[in-house]
K.L.:
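Submitted below is the structure of interest, expressed as C-alpha cells.
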2 protein chains.
Amino acid sequence: MATGRTHRPATRSRGIPEATVARLPLYLRALTALSERSVPTVSSEELATAAGVNSAKLRKDFSYLGSYGTRGVGYDVEYLVYQISRELGLTQDWPVVIVGIGNLGAALANYGGFASRGFRVAALIDADPAMAGKPVAGMPVQHTDELEKIISDNGVSIGVIATPAGAAQQVCERLVAAGVTSILNFAPTVLSVPDGVDVRKVDLSIELQILAFHEQRKAGEEAATEAALAAAAERDTAAESPADGAVDGAASRKGPDGDVPAVMPA
Amino acid sequence: MATGRTHRPATRSRGIPEATVARLPLYLRALTALSERSVPTVSSEELATAAGVNSAKLRKDFSYLGSYGTRGVGYDVEYLVYQISRELGLTQDWPVVIVGIGNLGAALANYGGFASRGFRVAALIDADPAMAGKPVAGMPVQHTDELEKIISDNGVSIGVIATPAGAAQQVCERLVAAGVTSILNFAPTVLSVPDGVDVRKVDLSIELQILAFHEQRKAGEEAATEAALAAAAERDTAAESPADGAVDGAASRKGPDGDVPAVMPA
DNA sequence: CAATCTTTGTGCACGCGTTCACAAAGACAT
DNA sequence: ATGTCTTTGTGAACGCGTGCACAAAGATTG
C-alpha cells in the first residue's frame with residue numbers, strides 16, 4: 001500500500017471495515033468496465049479476478065453492504081454499480097481544490113479520472129503571484145490569498161495538497177480552518193490535523209523505496225549460496241563499528257540536496 | 001493507504017514484516033531531517049512523533065532490524081540513517097525508467113525526491129513518435145521501440161508506468177520480458193504479472209473516493225437526529241426496487257466519458 | 001559503588017482482516 | 001413438483017499488526 005492513513009481510531013464506519021472501503025473503488029472500476037460492455041450479471045469469481053482480489057474476500061466485502069447477489073447467478077452489474085457508488089458517496093458532487101500548481105499539481109488538474117467519478121476541481125491555488133491568472137487545464141490559477149473565500153464560496157470539503165513539503169503544514173492548517181475536513185496529501189511530510197479531519201497521503205518516493213527493499217532481497221536470494229555468506233560477513237563487520245561505519249554510510253547517502261529539502265514535483 | 005500491494009503471499013521478507021518495511025521510509029525521512037539539524041541522538045518518543053506513529057510501534061519496528069538503540073539515551077541518528085538506508089537497499093544506485101510521458105510522467109521525471117534517495121531516472125519512454133527526442137526534465141524522451149535495449153543496457157530492474165490504462169498491461173509485459181522485476185503502476189488498471197515480480201500501485205482517484213466515503217459519513221452523522229431517519233427511509237425505498245432504481249442511478253453516474261475509458265493524466 | 005532515573009526491547013493480549021469451507025438459496029432442467 | 005447444479009452469504013479458524021505494560025539495561029548522580 002502506497003498510501004497510509006494518518007491518525008484515526010480503529011472505529012468502523014457504519015460497520016463497514018476500512019479495508020473493505022479501500023477496495024470498493026476497485027470493484028467499482030471493474031464493474032463500470034463490465035457495464036460498458038453491457039454485461040448484465042457477473043459472478044463473484046469473475047469480478048474478483050477483474051479486480052485483482054480473492055473471491056471470498058469480495059463476497060464478504062459485499063456482504064457488508066447488504067445482500068445484493070442472486071445465488072446461482074451472481075450480481076446484477078448495473079445495480080451493484082449504483083449501490084457501490086452510493087455507498088462511496090459518489091452520487092453527489094464533490095468540489096475539490098488543488099493547492100500547489102507545480103508539475104504534479106498541474107498533472108492532477110489535468111487528470112480525467114476525477115471528473116468522471118463525481119469530483120469537480122473547483123479551483124487551482126498557488127502561492128506564486130506569477131502563476132496567478134495563468135490557465136492550467138483550462139482554468140485560471142488563483143492566488144493563495146483567495147483560499148478561504150474559495151473554500152467557503154464553493155462549499156469545498158476536500159483539499160489536495162501538492163505543494164513543497166515546507167509549505168504543506170501551513171496550507172493544511174488554512175484549509176482546515178476554512179472548513180476542509182478531508183485532505184489528500186502529496187507533500188512528503190507528516191501533517192498534523194485536529195480530530196475529525198481525515199488525511200490520506202501519497203508519497204511517490206516511499207513507494208519506490210519499498211520496491212527497492214524487495215528488489216534487494218530478490219537479488220540477495222539469487223546469490224544465496226556463497227554470496228550470502230560473504231554478505232553476512234560484510235554486514236557483521238560493518239555493524240561492529242557503529243559510529244564510524246554510520247558516518248561514512250550516511251555521508252555517502254546524503255545527496256546534493258540532502259534529503260528533506262522540501263523537494264517535490266513543484 | 002493509497003497504494004496497495006498486488007499479489008504476493010504473506011511471506012515475510014527476511015523476517016521483517018511488510019507493515020514495518022512500509023514505515024521504514026517514514027523513519028528515514030524524519031531521521032534525515034534530524035541529521036541535517038545535526039541532532040546526535042533521538043528517543044523513540046521524539047522520532048515517533050516526527051514520523052507520525054506510535055512510539056511502541058517504532059521500537060518494535062526497529063527491533064526487527066536489530067538492537068540499535070541505547071537504553072536511557074535513545075538512538076544514534078547517523079547510525080540509524082545508515083542502517084535503515086542499507087536495509088531498504090538505498091546504499092546502491094537504482095536505475096529506473098518511466099514509461100508514458102504525459103502530464104504525470106513529466107511530473108515524475110521532474111520529481112526531486114527520487115534522485116535524493118538513490119533512484120536515478122535512466123530513461124523516459126513514450127509511445128508517441130512526436131515525443132521522441134523532446135527534452136523533459138533535461139532528458140530526451142525515447143520511443144517505446146527502444147524499451148528493451150534501454151532496460152538491458154542500463155540494467156534497469158524498476159519500472160514506472162504512467163501510461164493510459166489501456167496501454168499499461170502491454171507495457172508491463174514488455175518491461176517484465178526485458179528483465180524488470182519491480183513495477184510502480186500509476187495507471188488505473190489491475191496488472192497481472194508472473195510470480196517474482198512486485199507491483200505497487202498508486203491510484204489518485206481511489207484515494208479521493210475513500211475520502212469521499214468518510215466525508216459522506218461525517219456529513220451523515222452531523223444530521224444524525226431526524227435526518228438520519230429520513231435518510232434511512234429513503235435508502236430502504238430505493239432498495240426495494242433493485243433493478244429499476246439501479247438503472248436510474250447507474251445511468252446518472254456514468255459520466256460523459258464513462259468511467260473506465262483509459263483516462264489518466266496522459 | 002550504590003541508588004536513581006531514563007529509555008529501550010519485548011512478552012502478551014486483543015482485534016482486525018483474510019481465507020476456508022459449507023449450508024442455504026435460488027435457477028434451471030426434467 | 002422434484003431434483004440437480006451453481007453460486008452466494010457467512011460461521012469459524014487463523015495469522016498479522018498494534019498497543020500495553022514492564023523488566024532489563026545502561027546512563028547519571030551522589
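Being a predicted model, the structure only gives us computed values, none of them experimental. Chain letters run A, B, ... following the sequence lines, proteins first, then strands; residues in each count from 1. Note that these values count all heavy atoms, side chains included, but never hydrogens, waters or copies made by symmetry.
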K.L.:
What closest approach, in Å, do A:Phe186 and A:Ala162 show between heavy atoms, and which atom pair accounts for it?
P.N.:
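Between these two residues, the closest heavy atoms are CB-CA, 4.3 Å.
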
K.L.:
What are the two closest heavy atoms between A:Leu47 and A:Leu31, and how far apart are they?
P.N.:
CD2-CD2, 3.8 Å

K.L.:
Please determine whether a side-chain nitrogen or oxygen atom of A:Lys57 lies at a distance below 4.0 Å from atom OP1 or OP2 of C:dT19.
P.N.:
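Checking A:Lys57 against C:dT19: at least one side-chain N or O falls below 4.0 Å of OP1 or OP2.
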
K.L.:
With respect to A:Phe62, which candidate in A:Tyr75, A:Tyr79, A:Tyr68 satisfies the ring pair (Phe, Tyr, Trp, His ring centres under 6.0 Å) definition?
P.N.:
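So, applying the ring pair (Phe, Tyr, Trp, His ring centres under 6.0 Å) to A:Phe62 and each of A:Tyr75, A:Tyr79, A:Tyr68, only A:Tyr75 qualifies.
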
K.L.:
Donor-acceptor pair, A:Gln216 side chain versus A:Leu211 backbone, under 3.5 Å?
P.N.:
no

K.L.:
Using whole Å, what does the distance between atom P of nucleotide C:dG26 and atom CG of A:Asp76 come to?
P.N.:
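After rounding, the reported distance stands at 16 Å.
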
K.L.:
Write down the atom of B:Val190, the atom of A:Ala50, and the distance for their closest heavy-atom approach.
P.N.:
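Heavy atoms of B:Val190 and A:Ala50 come nearest at CG2-O, 3.6 Å.
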
K.L.:
Rounded to whole angstroms, how far apart are CZ on A:Arg23 and C1' on C:dC16?
P.N.:
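For the pair A:Arg23 CZ and C:dC16 C1', the rounded distance is 11 Å.
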
K.L.:
To the nearest Å, how far apart are B:Asp61 CG and D:dC16 P?
P.N.:
16 Å

K.L.:
Is it the case that the side chain of B:Thr20 and the backbone of B:Ile16 share a donor-acceptor pair, with hydrogens and angles ignored and the cut-off at 3.5 Å?
P.N.:
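No, the answer is negative, given that no donor and acceptor are paired below the 3.5 Å cut-off.
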
K.L.:
Applying the side chain to side chain contact (heavy atoms under 4.5 Å, CB included) test to B:Val180, which of B:Ile158, B:Leu175, B:Val160 qualifies?
P.N.:
B:Leu175

K.L.:
Record whether the side chain of A:Lys60 comes under 3.5 Å of the base of C:dT19 through a donor-acceptor pair of N or O atoms.
P.N.:
yes

K.L.:
Rounding to 10°, can you tell me the angle the first-five-pair axis of the helix from C:dC1-D:dG30 to C:dT30-D:dA1 makes with its last-five-pair axis?
P.N.:
10°

K.L.:
Assess whether atom CD of A:Gln92 is packed by more than 12 heavy atoms of other residues, nucleotides or ligands within 6.0 Å.
P.N.:
yes

K.L.:
Could you list, one pair per line, each protein nitrogen or oxygen that sits under 3.5 Å from a nitrogen or oxygen of nucleotides 6-9 of chain C, together with the distance?
P.N.:
residue: C:dT7; atom: O4'; partner: B:Gly72; partner atom: N; Å: 3.0
residue: C:dT8; atom: OP1; partner: B:Ser44; partner atom: N; Å: 2.5
residue: C:dT8; atom: OP2; partner: B:Ser44; partner atom: OG; Å: 2.6
residue: C:dT8; atom: O2; partner: B:Arg71; partner atom: NH1; Å: 2.9
residue: C:dG9; atom: OP1; partner: B:Gly69; partner atom: N; Å: 3.1
residue: C:dG9; atom: OP2; partner: B:Tyr75; partner atom: OH; Å: 2.6
residue: C:dG9; atom: O4'; partner: B:Arg71; partner atom: NH2; Å: 2.9
residue: C:dG9; atom: N7; partner: B:Arg59; partner atom: NE; Å: 2.9
residue: C:dG9; atom: O6; partner: B:Arg59; partner atom: NH2; Å: 3.3

